[in-house]
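Pasting in a structure now, in structure tokens, and then I'll have a few things to ask.
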Amino acid sequence: MFSMKVDFNRLSITGHELEFIQQAIDSGHLQGGGKFLAKCESAISDIVGATSLMTTSCTTALDMIALLLDIKEGDEIIVPSYTFVSSINPFVLRGAKPVFCDSRADTLNIDETKIENLITDKTKAIVAVHYAGVACEMDTIMAIAKRRKIAVVEDTAQGLYAYYKGKHLGTFGELGAISFHSTKNVIAGEGGALICNNPNFIDRANFVREKGTNRIHFINGKIDKYTWVDYGSSYIPSELITAFLSAQLMCAKKFTDARIASWNYYYDNLSELEREGKIRLCKVPNGCKHNAHIFWATTDSAETTKSLLQYLKSKQIGATQHYAPLHNCPMAKKLGCADISLPVAETFAKTMFRLPIYSTITPDEQDYVIKAIFDFFKK
């Protein structure tokens, strides 16, 4: 019987990564703040349409956001339960309490219709996490935030080259964060970027990123020596990371287009199973232009999904599930925010499965995955 191995994830490499890393080494400047950092920040800013500052990860970009918003003990942060822990950890580290919101059933994004009822006089921010590179319903979220005078933070870890009504994700709220982790569409191993949509944050963001110093003013010739002026840490990536990312950004649109073609191929070829009621496919609402970061679907039960994943594994297909809802995790119990029911997040955590997708996946590999799924449901 015909068989092949289809990895869940595979790195997309341009061929220029080692060349640029060698250039960084030859320059003798491996610490942050070199020419490759400048190239990356310029490229990312051009893509998203807002000032972007490179960071060591998306998590540290969110750490910076918590500092920039002056999050403190007693503040409350509304966040979807169905997300990665980095969406809330930076705020919890500053003493804030998570207020978990359920997800929409079509996108797994935060359910914007449930946000307002969670707001109290302690609410400091809403974290909009754009799951799978599909936009949250930003018009509604921004209207709520404006009316209630609450900051909006966009966790755009998965959202490079993804848009809502023509505007890049991460550019609606005051601040956003992007990831270049090896699991993302465009990678640097680790690495991230802070998006500053409010110009009032830019100067202070540079201070926070440079260990709380005003070194940026020294570099720009505004002062003759720099000093400690704010909270901060070492959030600037090395030239090795930005050299690698510079090569990746040259092909970012190409990688995205290839993933979208593969995403569409899955969708078109699995739609028959959805019509038969065997699975339910992920959806992209009108006005959203996604980047095909994830292709996910659900079955009718946790048992069916578990059996399907086991079957795909037996065929050497790297399918998997995703997040455990944060309100069900041990840390939520420790923080006193676990005693809630969020049925959509809880159900999808058990019934959802993700399929292999990357810019270099071939039609033959996808056909093999698709056939295996059809064969499972014919058993």
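Predicted model, so just to flag it, every value in this text is computed and none were measured.
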Inset, instruction - May I have the step-by-step check of side chain to side chain contact (heavy atoms under 4.5 Å, CB included) for M352 and T305, ending in yes or no? - result: CA-CA 7 Å; M352 181 260 251; T305 294; over 6 Å; no
Inset, instruction - Verify side chain to side chain donor-acceptor pair (under 3.5 Å) between Y265 and D367, making sure each step is shown before the conclusion. - result: CA-CA 9 Å; Y265 193 82; D367 285 340; 2.6 Å; yes
Inset, instruction - Apply the test side chain to side chain contact (heavy atoms under 4.5 Å, CB included) to residues F353 and T298: give CA-CA distance (whole Å), side-chain angles for both, the deciding distance (0.1 Å), then the verdict. - result: CA-CA 6 Å; F353 62 95; T298 63; 5.8 Å; no
Inset, instruction - Ignoring hydrogens and angles, state whether a donor on the side chain of T60 or T56 is under 3.5 Å from an acceptor on the partner side chain. - result: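 Yes, because at least one side-chain N or O of T60 sits under 3.5 Å from a partner of the opposite role on T56.
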Inset, instruction - Measure the spacing between CD1 of I126 and CD of E76 and express it to the nearest 0.5 Å. - result: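 Rounded to the nearest 0.5 Å, the CD1-CD separation comes to 12.0 Å.
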Legend entry - Single-linkage hydrophobic cluster, 4.5 Å side-chain cutoff, Y163 and V134 together: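 Not linked; separate clusters.
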Inset, instruction - Check the side chains of T256 and N291 for a donor-acceptor pair under 3.5 angstrom, ignoring hydrogens and angles. - result: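 No, no side-chain donor-acceptor contact under 3.5 Å.
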Legend entry - Y358 reachable from I187 in the ILVMFWY side-chain graph, under 4.5 Å edges: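 As far as the 4.5 Å side-chain criterion goes, Y358 and I187 are not connected within one cluster.
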Legend entry - Minimum side-chain heavy-atom gap V129-T156 below 4.5 Å: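 Not touching, per the 4.5 Å side-chain cut-off.
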Inset, instruction - Output yes when a side-chain donor or acceptor of R204 lies under 3.5 Å from a complementary backbone atom of L68, and no otherwise. - result: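 Yes, the answer is positive, given that a donor and an acceptor are paired below the 3.5 Å cut-off.
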Inset, instruction - Assert yes or no for the condition that the ring centre distance of W263 to H293 is strictly below 6.0 Å. - result: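 Centroid distance W263-H293: not below 6.0 Å, so no.
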Legend entry - Heavy-atom donor-acceptor pair, H130 side chain to C136 backbone, under 3.5 Å: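 Yes, H130 side chain to C136 backbone: donor-acceptor pair under 3.5 Å.
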Inset, instruction - Would you give the length of the straight line joining atom OG of S341 to atom NE2 of H327, rounded to the nearest 0.5 angstrom? - result: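 Here the interatomic distance stands at 6.5 Å.
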Legend entry - Under the ring pair (Phe, Tyr, Trp, His ring centres under 6.0 Å) test, residues paired with F255 that sit two or more places apart: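 Checked F255 against ring pair (Phe, Tyr, Trp, His ring centres under 6.0 Å); zero matches.
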Legend entry - Trace of the ring-ring contact (aromatic ring centres under 6.0 Å, His included) decision for H322 with Y131: CA-CA 11 Å; H322 214 180; Y131 184 71; 5.6 Å; yes
What side-chain donor-acceptor pairs closer than 3.5 Å can you find for residues 220-228, not counting sequence neighbours?
{"unit_1": "N220", "atom_1": "ND2", "unit_2": "I216", "atom_2": "O", "d": "3.2"}
{"unit_1": "W228", "atom_1": "NE1", "unit_2": "D230", "atom_2": "O", "d": "2.9"}

Inset, instruction - Could you tell me whether the side chain of Y266 and the main chain of P356 form a donor-acceptor pair under 3.5 Å? - result: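 Answer holds: yes.
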Legend entry - Whether S81 side chain and L326 backbone form a donor-acceptor pair below 3.5 Å: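 Checked: pair present.
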Legend entry - Salt bridge D139-K165, side-chain N to carboxylate O under 4.0 Å: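 Yes.
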Inset, instruction - Using atom types as modelled and distance alone, determine if a side-chain donor or acceptor of T347 lies under 3.5 Å from a backbone N or O of P343. - result: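 Looks like yes, one N/O pair under 3.5 Å.
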Legend entry - Lys/Arg N to Asp/Glu carboxylate O, K35 vs E239, below 4.0 Å: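 Looking at K35 and E239, the cut-off is not met.
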Inset, instruction - State plainly whether the residues D106 and K283 are in salt-bridge range, i.e. N to O under 4.0 Å. - result: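 Looking at K283 together with D106, the answer is no, because their closest N to O distance does not fall below 4.0 Å.
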Legend entry - Test item: N197 side-chain N/O and A50 main-chain N/O as donor-acceptor pair under 3.5 Å: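 Not at all, since once roles are kept as given, no pair shorter than 3.5 Å links the two residues.
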Legend entry - With sequence neighbours excluded, residues passing salt bridge (Lys or Arg N to Asp or Glu O under 4.0 Å) with D111: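 K114.
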Legend entry - Salt bridge present between E116 and R147 (N-O < 4.0 angstrom):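 Looking at R147 together with E116, the answer is yes, because their closest N to O distance falls below 4.0 Å.
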Inset, instruction - State, with a plain yes or no, whether a side-chain heavy atom of L30 is found less than 4.5 Å away from one of L240. - result: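 When only atoms from C-beta onward are counted, L240 and L30 do touch, with a gap below 4.5 Å.
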Legend entry - Validation row: L69, V153 side chains within 4.5 angstrom (heavy atoms):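 Touching, per the 4.5 Å side-chain cut-off.
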Inset, instruction - Using atom types as modelled and distance alone, determine if a side-chain donor or acceptor of S57 lies under 3.5 Å from a backbone N or O of T59. - result: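 Pair found, side chain donor or acceptor close to backbone of T59.
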Inset, instruction - Kindly indicate whether the side chain of L335, heavy atoms from C-beta on, has any atom under 4.5 Å from the side chain of P98. - result: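 Yes, at least one pair of side-chain atoms sits under 4.5 Å.
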Inset, instruction - Show your working on side chain to side chain donor-acceptor pair (under 3.5 Å) between T304 and T299 and close with a plain yes or no. - result: CA-CA 6 Å; T304 303; T299 71; 4.5 Å; no
Inset, instruction - Report yes if the distance between the aromatic ring centroids of F348 and Y82 is under 6.0 Å, otherwise no. - result: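 They do not qualify: ring centres at least 6.0 Å apart.
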Legend entry - Worked verdict on E137 versus Y164 for side chain to side chain donor-acceptor pair (under 3.5 Å): CA-CA 8 Å; E137 177 46 55; Y164 176 81; 2.5 Å; yes
Inset, instruction - Taking the side chain as every heavy atom from C-beta outward, state whether E272 and K278 have any atom pair closer than 4.5 Å. - result: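 Answer no - side chains too far apart.
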Inset, instruction - Only pairs at least two apart or in different chains count here, so list each salt bridge (charged side-chain N to carboxylate O under 4.0 Å, His left out) that has a residue in residues 328-355. - result: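 Residue pairs passing salt bridge (charged side-chain N to carboxylate O under 4.0 Å, His left out), neighbours aside: none found.
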Inset, instruction - Answer yes or no: is there a side-chain heavy-atom contact under 4.5 Å between S238 and Q31? - result: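 A side-chain contact is absent here, since even the closest heavy-atom pair is not under 4.5 Å.
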Legend entry - ring pair (Phe, Tyr, Trp, His ring centres under 6.0 Å) partners for H217, two or more places apart: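 Here the qualifying residues are F207.
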Legend entry - Reported CD-to-CG distance for the pair E41 and L249, which is rounded to 0.5 angstrom: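 Atom-to-atom, E41:CD and L249:CG are 11.5 Å apart.
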Legend entry - Non-hydrogen side-chain atoms of F244 and F20 separated by less than 4.5 Å: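 Side-chain contact under 4.5 Å: no.
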Inset, instruction - Using atom types as modelled and distance alone, determine if a side-chain donor or acceptor of Q248 lies under 3.5 Å from a backbone N or O of V186. - result: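 No; zero donor-acceptor contacts below 3.5 Å.
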Legend entry - Transitive ILVMFWY side-chain link I241 to I236, under 4.5 Å: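 Per the 4.5 Å side-chain linkage, I241 and I236 are not co-clustered.
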Inset, instruction - Tell me yes or no: between the side chains of D26 and Q22, is some donor less than 3.5 Å from an acceptor? - result: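 On atom types as modelled, these side chains qualify, holding a pair under 3.5 Å.
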Inset, instruction - Could you tell me whether a side-chain N or O of T83 sits under 3.5 Å from a main-chain N or O of P80, the two making a donor and an acceptor? - result: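 Side chain of T83 to backbone of P80: no pair is present.
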Inset, instruction - Measure the shortest side-chain to side-chain distance between I373 and L312 over non-hydrogen atoms and say whether it is less than 4.5 angstrom. - result: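 When only atoms from C-beta onward are counted, L312 and I373 do touch, with a gap below 4.5 Å.
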Inset, instruction - Hey, could you give me the OG/CZ distance between S233 and R209, rounded to the nearest 0.5 Å? - result: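 Between S233 OG and R209 CZ, I get 13.0 Å after rounding to 0.5 Å.
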Legend entry - Presence of salt bridge, K254 and D257, under 4.0 angstrom: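 Judged by the 4.0 Å cut-off on N to carboxylate O distance, D257 and K254 do not form a salt bridge.
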Legend entry - Main-chain N/O of V344 paired to R104 side chain as donor or acceptor, under 3.5 Å: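 The answer is no, because no donor-acceptor pair under 3.5 Å joins these two groups.
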Legend entry - hydrophobic_cluster_shared for L62 and L93, side chain cutoff 4.5 Å: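 Each belongs to a different hydrophobic cluster.
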Legend entry - Separation of I317 CD1 from Q366 CD (nearest 0.5 Å):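 Interatomic distance, Q366 CD to I317 CD1, rounded to 0.5 Å: 11.5 Å.
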Under 3.5 Å, sequence neighbours excluded: what are the donor-acceptor pairs made by side chains of residues 170-180?
{"unit_1": "T171", "atom_1": "OG1", "unit_2": "H168", "atom_2": "O", "d": "2.5"}
{"unit_1": "E174", "atom_1": "OE1", "unit_2": "V152", "atom_2": "N", "d": "2.9"}
{"unit_1": "S179", "atom_1": "OG", "unit_2": "H181", "atom_2": "N", "d": "3.1"}

Legend entry - Check: R259/N185 side-chain N/O donor and acceptor closer than 3.5 Å: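 R259 vs N185: donor-acceptor pair found between side chains.
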Legend entry - Spacing of I65 atom CD1 and E154 atom CD [to the nearest 0.5 Å]: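 Going from CD1 on I65 over to CD on E154, the span is 9.5 Å.
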Legend entry - Electrostatic pair K5-D7, nearest N-O below 4.0 angstrom: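 Salt bridge: yes.
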Legend entry - In one Ile/Leu/Val/Met/Phe/Trp/Tyr side-chain cluster, 4.5 Å: Y231, I71: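 Yes, Y231 and I71 fall within the same hydrophobic cluster.
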